[in-house]
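We're numbering straight along the sequence, starting at 1. When a ligand or atom number is given, it counts from 1 through the structure's own listing order.
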Amino acid sequence: MGLPTWLFYDHPEAYVRAFDVAGKKWSIVVSTAPHFFIGGNDNALWALLVGVLFSFGAAGYLQMIVTRSRRIQMLVDERTMQLRTANQDLVADIAARKHAEQELQLRDRAIEASANAIIITSAEGPDYGIEYVNPAFERITGYAEEEALGRNIDFLWQRDSEQPGIEELRACLQEQREGQAVMRNYRKDGTLLWSDMYIAPVRDDYGRVSHYVIAQYDITATKRYESELEFQTNRDSLTGLANRTLLRDRLSQAISYAYRYNHPIWVLFIDLDRFKFVNDTLGHQAGDILLKAVASRMNSVVRDTDTISRMGGDEFVVVLPERTDSGLSTSIVRRLMDAIAQPLTIEGHEFFISSSVGVSVYPADGVEPETLIKHADIAMYRAKETGRNNFQFYTSEMNERALERLRIEGDLRLAIERDEFLLYYQPQVDLVSKKIIGVEALIRWQHPELGMVPPARFISLAEETGLIVPIGNWVIREACRQSKVWQDEGFIGLRTAVNLSARQFAQQNLVQSIQDALTATSLLPASLEIELTESLVMADVEQAIGILRDMKTLGVQLSIDDFGTGYSSLSYLKRFPIDVLKIDRSFVNDITTDPDDAAIVTSIISLAHSLRLSVIAEGVETREQLDYLQQHGCDQIQGYFFSRPVTAEVMTQMLRDGTRLQLTDDQPA
Ligand SMILES: Nc1nc2c(ncn2[C@@H]2O[C@@H]3COP(=O)(O)O[C@H]4[C@@H](O)[C@H](n5cnc6c(=O)[nH]c(N)nc65)O[C@@H]4COP(=O)(O)O[C@H]3[C@H]2O)c(=O)[nH]1
């Protein structure tokens with residue numbers, strides 16, 4: 001293959017002549033020798049080269065431009081795509097937000113429109129202040145939003161704080177959990193609002209509880225219906241008292257409680273003595289009036305925790321469970337009988353209705369409701385047999401005890417009038433001077449038949465019946481009178497201590513009556529010492545401090561009796577304006593044999609001294625006990641070792657004689 005013809009400068013067609021010679025074919029070809037186009041055309045060649053190169057460059061450039069623009073196009077497409085997606089996302093987001101907003105608005109409106117009260121409180125204790133209440137809340141409770149905001153929800157139950165639901169709500173707040181409680185709430189006008197309350201914690205974006213939402217359902221109507229229903233099934237329709245069903249239920253409950261806490265229960269079977277007579281002479285209507293009156297009278301004497309039921313006819317059963325704060329006594333039976341026996345006027349006729357009562361005691365007389373009721377019934381028949389208007393225990397032993405108490409109670413009421421009380425005095429001796437520096441006045445009852453009755457047999461009964469108040473006042477006055485006699489005889493500085501009982505301590509005019517006794521006898525106040533037991537002052541410390549301060553302003557001395565037997569907190573002890581601590585006899589008793597008691601006694605002595613109180617040990621019976629106390633710095637002693645309680649005359653003689661204590665290390669005179 002040769003070079004392309006266009007590269008050759010000139011190339012005219014060759015001249016070709018064919019002919020025959022000698023029989024052979026001949027041809028002549030005449031042509032110009034071709035010469036290369038470039039030869040002698042350098043410039044043209046360069047131009048050609050430049051042109052070619054330029055063309056190549058241009059083509060390359062063009063290619064580059066094309067590639068770049070294609071990439072740009074791609075980028076543009078890509079971005080456009082991204083923007084489109086972002087736009088779509090944005091649209092979706094806006095739609096979602098709008099939806100969420102609409103949902104929120106819907107929820108807001110739903111909460112606002114809810115028929116039930118919704119309350120939102122802060123999760124910040126201790127107030128858990130209310131931040132939102134819906135209109136239903138205002139409607140249901142009667143409180144306007146402004147009156148509720150910022151307050152603790154407890155204003156809804158006001159002072160009715162003995163509700164199990166409160167504990168549950170508190171636990172939900174503390175444990176940050178959901179819960180439900182049926183509560184007695186009160187509307188602004190004070191009316192009862194039964195509420196079923198649901199509480200749930202509300203968490204913030206970080207999962208922390210920021211609020212609580214409470215839904216409050218007004219279930220007052222349901223409750224009313226329930227209680228009507230309950231009333232119909234469990235109550236006697238005439239008197240409203242418990243019927244047999246409820247009685248059995250309550251008695252079973254009382255038995256399981258009594259079993260757990262080892263408390264007794266009394267079951268009283270009461271039968272009205274002359275009911276048949278009223279019914280027969282005045283008719284059923286009068287009988288109904290009488291039964292209703294008896295029921296309401298009985299209700300007014302017992303406590304909320306007791307149950308009164310009507311067994312039908314004129315028979316009633318009362319369940320009296322013992323409570324920690326007060327024991328069971330025949331005075332409750334008497335109170336019930338007295339209430340029934342109040343005169344009653346029906347149709348212009350005045351009636352006196354007495355009753356016969358039988359008492360059975362859990363667990364001694366039975367542990368089943370049926371047995372206890374049956375035994376109380378048997379005892380009631382015995383009471384009727386012994387002459388109506390009477391009560392009998394199922395067991396004879398209980399009867400005897402009850403009889404004795406009854407007799408003592410009856411006689412106790414008359415004892416002051418009959419002047420049967422007297423005071424004995426037990427001397428208290430100083431361990432340094434060995435002289436009598438004080439006496440404790442101890443009451444005795446000179447009973448016309450029972451002889452000398454010690455306080456252990458009647459003080460608690462006097463407490464129960466309230467007779468301790470007049471008896472106690474008599475003691476204070478008599479002690480002051482005797483003390484003044486000794487003062488006048490020259491025994492200046494002699495202190496006379498009197499015991500104060502719990503009931504007296506609670507007496508409104510206690511300070512005044514002490515003041516009256518001091519004034520009436522002209523005794524120097526410092527000569528009178530009031531003894532209070534540890535448990536008495538610890539029952540309500542703040543109140544006790546107030547009363548003690550008032551007594552102290554009179555100028556009397558104050559001492560804490562039976563010290564060590566209660567649970568005195570030392571910080572309280574410091575606040576009591578007292579002068580003397582009395583170590584209880586039970587510690588002194590074993591002081592030489594029991595190292596624990598010995599340690600308690602020495603600690604009480606040093607405690608008393610560190611509080612700048614003087615300390616006296618009671619019940620000192622032996623020389624060993626005395627020696628121990630003296631060696632450990634006890635200030636004074638009282639006990640049989642030195643002297644038993646004695647009459648005022650004997651005491652006067654001892655004072656006149658200057659009777660002194662003999663200590664082991666004393667040199668014989
Ligand atoms: N075993 C033994 N006993 C000793 C000894 N030294 C004294 N006692 C007895 O211990 C009691 C001390 O009185 P108390 O602890 O206040 O205990 C008194 C006090 O709580 C109360 N009491 C007595 N009189 C009154 C009073 O007028 N009013 C009030 N509210 N209670 C009184 O009756 C409690 C008993 O009084 P009492 O039978 O007179 O008994 C007295 C006293 O006779 C001793 O060495 N050994």
Backbone or side-chain N or O of Ile443 under 3.5 Å from ligand 1 N or O: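 Such a contact does occur with ligand 1.
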Asn499 N/O to ligand 1 N/O under 3.5 Å: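 Checking ligand 1 against Asn499, an N or O pair does fall under 3.5 Å apart.
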For ligand 1, is any non-hydrogen atom under 4.0 Å from [X]'s backbone (N, CA, C, O), its side chain (CB onward), both, or neither?
X      : answer
Arg644 : neither
Asp561 : side chain
Val475 : side chain
Gln426 : side chain

Taking [atom] as the point of reference, which of [options] owns the nearest heavy atom?
atom                    : options                : answer
atom 11 (C) of ligand 1 : Arg585, Glu463, Glu440 : Arg585
atom 21 (C) of ligand 1 : Ser643, Ala617, Pro455 : Pro455
atom 1 (N) of ligand 1  : Glu478, Glu621, Arg444 : Glu621

Which of the atoms of ligand 1 are close to [X], meaning less than 4.0 Å from one of its heavy atoms?
X      : value
Pro645 : 43 (O)
Gly639 : 6 (N), 45 (O)
Ser501 : 30 (N)

Full working for side-chain hydrogen bond (donor to acceptor under 3.5 Å, both in side chains) between Gln446 and Asp419: CA-CA 9 Å; Gln446 185 62 60; Asp419 208 14; over 6 Å; no
Protein contact of atom 45 (O) of ligand 1 - nearest heavy atom, named by residue and atom, plus distance: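 Looking only at protein heavy atoms, the one closest to atom 45 (O) of ligand 1 is Tyr640 N, 2.9 Å.
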Closest approach of any protein heavy atom to atom 42 (C) of ligand 1, naming residue and atom: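 Checked against all protein heavy atoms, atom 42 (C) of ligand 1 sits closest to Leu442 CD1, 3.9 Å.
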Check ion pair [X]-[Y] (N to O, under 4.0 angstrom):
X      : Y      : value
Arg303 : Asp306 : yes
Glu440 : Lys582 : yes
Arg575 : Glu542 : yes
Arg481 : Glu478 : yes

Test item, Gly619 contacting ligand 1 (heavy atom, 4.0 angstrom):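 It does, in that a heavy atom of Gly619 comes within the 4.0 Å cut-off of ligand 1.
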Any donor-acceptor pair under 3.5 Å from Glu167 side chain to Gln163 backbone: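 The answer is no, because no donor-acceptor pair under 3.5 Å joins these two groups.
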Atom 39 (O) of ligand 1 touched by protein heavy atom at under 4.0 Å: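 Flag for atom 39 (O) of ligand 1 set to true, protein heavy atom closer than 4.0 Å.
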Candidate pair Gln428 and Gln638, rule side-chain hydrogen bond (donor to acceptor under 3.5 Å, both in side chains), full reasoning: CA-CA 5 Å; Gln428 301 173 333; Gln638 173 184 344; 2.9 Å; yes
Residue pair Asp584, Ser586: steps toward the side-chain hydrogen bond (donor to acceptor under 3.5 Å, both in side chains) verdict: CA-CA 5 Å; Asp584 189 61; Ser586 59; 2.5 Å; yes
Asn473 vs Gln507 side-chain heavy atoms within contact, under 4.5 Å: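 A side-chain contact exists here, since the closest heavy-atom pair is under 4.5 Å.
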Salt bridge (Lys or Arg N to Asp or Glu O under 4.0 Å) assessment of Lys552 paired with Asp579: CA-CA 10 Å; Lys552 206 65 204 136; Asp579 308 282; 3.0 Å; yes
